[in-house]
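Here the structure is laid out as C-alpha cells; the discussion comes afterwards.
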Amino acid sequence: MGDLKRTHTCGELNEKDVGSTVVLMGWVQTTRDHGGLIFIDLRDREGITQVVFNPEIHEESHKKAHLLRSEYVVAVKGKVRKRPEGMANPNIVTGEIEVVADDLRILNSAKTPPFVIEDHAQISENIRFRYRYLDLRRPSMIHNLTIRHLAAKCVRDFLSEQGFIEVETPFLTKSTPEGARDYLVPSRLNPGKFYALPQSPQLFKQILMVAGLDRYYQIVKCFRDEDLRADRQPEFTQIDMEMSFIKEEDLFKVVEGLMVTLLKRLLGVEINTPFKRLTYQESMDRFGTDKPDLRFHMELKDVSPLFRESAFKVFEHAIKKGGVVKAINVKGGAGTSRREIDELTQSAGQYGAQGLAWIRVLDGRFQSPIAKFLSDSEVIGLKGMLNIEEGDLILLVADQPNVVHQALGQLRLIMGRRLNMIKEDTFDFVWITNFPLLEYDELEGRYVAVHHPFTAPMEEDLEILKTQPEKVRARSYDLVLNGVEIGGGSIRNYRNDVQSMMFDALNIKQDEARDRFGFLLEALEFGAPPHGGIAFGFDRLLAVILKEESIREVMAFPKTQKAVCLLTHAPSVADKRQLDELSLKIKTIKSESEKG
RNA sequence: GGGGUCGUAGUUCAGCUCGGUUUAGAACGCCGGCCUGUCACGCCGGAGGGCGCGGGUUCAAAUCCCGUCGACCCCGCCA
C-alpha cells in the first residue's frame with residue numbers, strides 16, 4: 001500500500017465528489033481493455049466503482065493496468081470525474097461518476113477463481129462451500145450477512161430497552177437425555193466422562209430466573225446431533241429469552257414488539273399486532289399442520305358425516321375404523337393433469353396415505369374415478385361443504401386423523417404454491433397455542449414431552465394428568481411465520497410438586513430425575529419465581545426475511561447434509577496422542593481407500 | 001435407517017432412452033493479439049475434459065448392468 005490510505009469505499013462516490021482526489025482499495029471485478037483506454041470495475045463490500053486508465057493522463061498506471069486480472073487486490077488513486085454525456089451506468093449507485101487513475105498499486109495477485117464472483121452465477125453448493133471465502137464475496141451473500149448482523153443488533157437494542165440482560169451460558173455442559181441427540185466432548189481431566197454441547201440453554205435460563213435475573217436473553221449457538229435439512233444445521237443460532245412473573249400474554253406482547261421492530265428496521269415493512277392465534281387443535285383441523293402458512297386461504301374440511309354409510313367403501317371403512325375423510329378444494333385446479341395427480345398421490349403416500357381421491361369439476365360435472373360411487377346426496381353435500389364451483393379440483397384423503405392431516409396439509413402447500421395462491425410479499429405471523437403436553441412414544445413405550453419436560457400443564461387439566469395424560473394441554477406456544485416455525489416456548493413449572501407430577505407422567509423415577517436434572521429441581525426449592533420464555537431459530541427467521549430456501553444462505557460457514565464442513569474438512573480423524581490423552585479408543589475406522 | 005434427484009472442460013449444462021460419424025459439444029470463464037467510452041464491451045485466434053470412483057456385459061461403453069463415494073430434496077429423527 002505504501003503511503004496510500006483508503007479515503008472512500010467503492011459504494012459511496014457520486015456527483016458531489018467530482019473533482020476530489022480519492023484512494024480506493026478493493027478487488028478487480030472485471031477489466032475492459034480498449035487498447036487505449038482500460039476500464040476496471042473495482043469492488044469492495046460496499047459496491048462497485050469504475051476506474052479508467054488513460055495513457056494520456058498517466059502512462060505508467062495504464063501500462064500496469066494491463067497486468068490486472070479478476071480478483072487482484074489493488075489500490076487506486078485518482079480524480080473523481082463525472083462520466084461523459086450518455087455514459088452513465090444506471091445499474092450501479094456510483095454509475096454517474098468514474099475515477100481517473102493516476103496511481104495503481106497491485107497489492108496482491110489472485111489465481112483465476114473457480115467461479116465468477118457474481119450474484120447470478122448458479123454454482124453448485126459443494127463448489128461454493130469449498131471456496132466459501134470467494135462465495136461470500138458475492139454481493140447477495142454480503143447482504144445476507146449484513147442483514148444478519150443488523151438483526152442481531154436490533155434484537156440486542158430492543159431487548160435491552162425492554163430490561164433484558166444478555167447472559168452467556170456454558171457450552172461445555174451436561175448431557176440431557178430428553179430431546180435431541182447430544183454432541184459429546186470428552187473430558188481429559190476426567191477420563192471416561194463427557195461434556196455435552198447444549199441443545200439449548202434451557203436449564204441455565206431457568207436457573208437464571210431463580211437467581212432473580214428477571215429478564216434474560218442470549219443470542220447463542222445450539223447443537224443437535226440429528227439429520228440435516230434445508231432448515232436444520234448441527235449448530236445453529238437461537239434468540240433465547242426468559243422472563244419472570246409473567247403469563248403468556250406478557251411474553252406475546254414483548255415478542256410481537258420485537259418482530260415489529262425487526263421487520264420495520266430491516267425491511268421497512270409495517271406489520272399489524274396483535275398476531276393471529278390458533279390453538280394446536282384448530283390449526284391441525286383446518287390446515288393439517290401446527291405451522292400453517294396463512295398467506296392463502298385453502299382449508300381442510302371434514303366431510304366424514306357424508307360418508308358414514310356410503311357406496312364408496314374406502315371412505316366408509318376408514319370412518320368405521322376411527323378415521324376421518326377430509327378434503328381440500330383447490331380453487332381453479334381442475335387443469336391439473338392425471339400425471340400431476342399421480343405425483344400428488346405419491347406425495348400423500350409419503351405420509352402414509354393409502355390413496356388420494358380426486359374430483360375435477362369441469363363442464364358442470366364431476367370428473368373423477370369415484371364419481372360413480374357418489375350418491376346424489378353425497379354430491380350435494382360435498383358441493384355445499386366445499387363451496388364447489390366450475391374449474392375446482394377436490395382432493396380427499398380418508399385415514400386416521402394424523403395421516404389425513406399430514407397428507408392434506410402437504411397437498412395444500414404444494415397446490416397453493418403451484419397455483420401461485422401465496423401472497424409472496426406478506427409476513428403472516430400466527431401464534432399456535434395449547435399444544436398437548438405429552439404424546440405417547442411407541443418406541444420408548446412411554447409418554448414423552450411434546451415441548452420439553454419443564455413445560456407447565458394448563459392448570460384446569462392438572463387433574464387428568466394421571467388418568468388421561470394425552471388430553472392434557474400445555475402452556476406452550478409456537479410462533480409461525482409464513483408456514484415456518486420460527487420459535488417456540490412455554491410457561492415453566494416453577495413449583496417442585498408440579499414438576500414431580502410431570503416426571504411421574506413421563507415415567508422418570510425420582511432418583512433418575514435427581515441424577516439428570518437435580519440441580520434444577522433443587523433450585524426450584526429455593527424460591528423460584530413463576531417464569532416462562534421462548535427461543536427463536538435465528539437462522540430460520542433470517543431465511544424467511546431474506547426469502548431464502550435454506551438457512552445455509554444466511555450462515556457464513558454451513559455444513560453439508562452429512563455434517564461436513566467442505567472448507568475445513570471437519571470432522572477429521574484425531575491422532576493417537578490426542579485420543580490417548582482423552583482415554584479414548586476407536587473401535588472401527590473406515591480406511592481412506594474405502595472412502596474413495 | 002428409507003425414498004427421490006444429480007455427478008461430463010475452471011463453471012453451468014447438452015449428449016445417455018435406442019451403445020458405433022464423438023477425434024465428447026455449447027455457453028461463460030481462461031490465455032494470446034487488435035481496438036480511446038466500455039460496463040454481459042467487441043473482433044480474431046487458442047488452450048483445456050475422456051465423462052465421480054471400481055467392477056462387469058460387449059467386437060465396441062459417457063451411454064447398458066452391479067457396487068461404491070459425494071452433493072441436494074424429503075420421510076423417519078429433530079423444535
Side-chain angles (χ1 to χ4, degrees), chain A residues 29-42 48-57 62 66 69-71 81 83-92 94-95 98 100 111-118 120-131 134 179-182 199-200 202 222-234 236 238 290-291 343 346-347 349-352 406-407 410 432 435 441 443 449-452 455 476-480 484-490 534-537 540 549-550 552 559-562 564 566 590 592-596:
Chain A
Q29 175 74 28
T30 52
T31 62
R32 292 179 292 278
D33 182 352
H34 285 246
L37 291 177
I38 295 176
F39 299 95
I40 70 166
D41 288 343
L42 192 62
I48 284 179
T49 299
Q50 174 165 285
V51 180
V52 197
F53 296 91
N54 187 328
E56 288 160 14
I57 290 175
H62 177 264
H66 278 112
R69 297 289 180 273
S70 290
E71 300 307 311
R81 177 170 77 185
R83 294 197 191 183
E85 197 61 32
M87 297 301 158
N89 183 350
N91 299 319
I92 56 176
T94 61
E98 63 194 2
V100 187
K111 287 171 70 175
T112 301
F115 51 87
V116 215
I117 313 297
E118 271 177 4
H120 322 288
Q122 298 276 316
I123 311 297
S124 67
E125 276 183 298
N126 48 0
I127 302 289
R128 291 177 56 199
F129 291 168
R130 178 162 161 215
Y131 301 97
L134 298 179
R181 194 176 293 115
D182 288 315
Q199 299 170 24
S200 78
Q202 181 61 36
C222 301
F223 307 86
R224 292 178 188 166
D225 187 5
E226 297 292 348
D227 287 357
L228 285 75
R229 288 282 194 287
D231 63 349
R232 276 161 38 186
Q233 284 271 312
F236 60 100
Q238 283 191 346
D290 59 1
K291 44 178 182 175
E343 285 168 13
Q346 275 192 356
S347 296
Q350 280 192 331
Y351 300 92
Q406 280 195 66
Q410 190 59 35
I432 308 296
F435 281 80
D441 186 318
L443 279 173
V450 169
H451 187 59
H452 58 56
T455 300
S476 64
Y477 32 79
D478 278 357
L479 184 60
V480 173
V484 177
E485 182 214 313
I486 58 166
S490 63
I534 191 165
F536 295 96
R540 283 186 188 176
E549 291 295 320
S550 162
R552 295 187 293 271
K559 294 185 173 59
T560 71
Q561 200 161 50
K562 286 194 76 181
V564 169
L566 295 178
K590 264 193 174 175
E592 286 303 314
S593 61
E594 276 177 301
K595 284 179 189 162

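Below, chain A is the first sequence line, B the second, and so on; all start at residue 1. These values consider heavy atoms only, across backbone and side chains, with no hydrogens, waters or symmetry-generated copies.
- Atom name C1', nucleotides B:G56 and B:C72: the rounded distance is 29 Å, in whole Å.
- An OP1 or OP2 oxygen of B:U11 is reached within less than 4.0 angstrom by no side-chain nitrogen or oxygen of A:Q122.
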Pull out every protein N or O sitting under 3.5 Å from an N or O of nucleotides 6-10 of chain B, one pair per line with the distance.
residue, atom, partner, partner atom, Å
B:G10, O2', A:P114, O, 2.8

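- Of the candidates A:D478, A:D231, A:D290, A:D478 is the only one forming a side-chain contact (heavy atoms from CB on, under 4.5 Å) with A:E485.
- Ion pair A:D41/A:R32 flagged as a salt bridge, since at least one NZ, NE, NH1 or NH2 atom sits closer than 4.0 Å to an Asp/Glu carboxylate oxygen.
- Atom CG in A:D231 sits about 14 Å away from atom P in B:C72, given to the nearest Å.
- Atom-to-atom, NE2 of A:H120 to P of B:U11 comes out at 20 Å; the value is rounded to the nearest Å.
- One atom, CD of A:Q346, and another, P of B:U5, lie 10 Å apart when rounded to the nearest Å.
- A:H34 qualifies as a stacking partner of the B:C41 base, centre to centre under 5.5 Å and near-parallel within 30°.
- Residue-to-nucleotide contacts include no donor-acceptor pair under 3.5 Å from the side chain of A:R224 to the base of B:C78.
- Between the CD atom of A:Q233 and the C1' atom of B:A79 there is a distance of 16 Å, given to the nearest Å.
- The CD1 atom of A:I38 sits 16 Å away from the P atom of B:C39 (whole-angstrom rounding).
- Contact annotation: A:Q199 reaches the phosphate of B:A79 (side-chain N/O to OP1 or OP2, under 4.0 Å).
- Residue A:S70 places at least one side-chain N or O under 4.0 Å from the OP1 or OP2 atom of B:C30.
- B:C78 atom C1' lies 13 Å from atom CG of A:D441, rounded to whole Å.
- Looking at A:H62, its side chain does come within 3.5 Å of a backbone N or O of A:G36 through a donor-acceptor pair.
- Atoms CD (A:E71) and P (B:G29) sit 14 Å apart, rounded to a whole Å.
- Listed candidates were B:C72, B:C73, B:C39. Nearest to the side chain of A:T560 is B:C72.
- Considering CD of A:Q29 and CD of A:E118, their distance stands at 6.0 Å, rounded to 0.5 Å.
- Within the 3.5 Å criterion, the main-chain N or O of A:G95 finds a donor-acceptor partner in the side chain of A:R83.
- Both A:A535 and A:M87 sit near RNA chain B, but only A:M87 has its closest nucleotide nearer the 5' end.
- Here the straight-line distance linking atom CD of A:E226 with atom CZ of A:R232 works out to 7.0 Å at 0.5 Å rounding.
- Side-chain atoms of A:E85 and base atoms of B:G37 include no donor and acceptor less than 3.5 Å apart.
- Remark: the A:R69 side chain and the B:G29 base include no donor-acceptor N/O pair separated by less than 3.5 Å.
- B:G37 adopts an anti glycosidic conformation, its chi angle falling more than 90° from 0.
- One atom, CD of A:E485, and another, C1' of B:A79, lie 5 Å apart when rounded to the nearest Å.
- For A:R229 against B:C72, no side-chain N or O and base N or O form a donor-acceptor pair under 3.5 Å.
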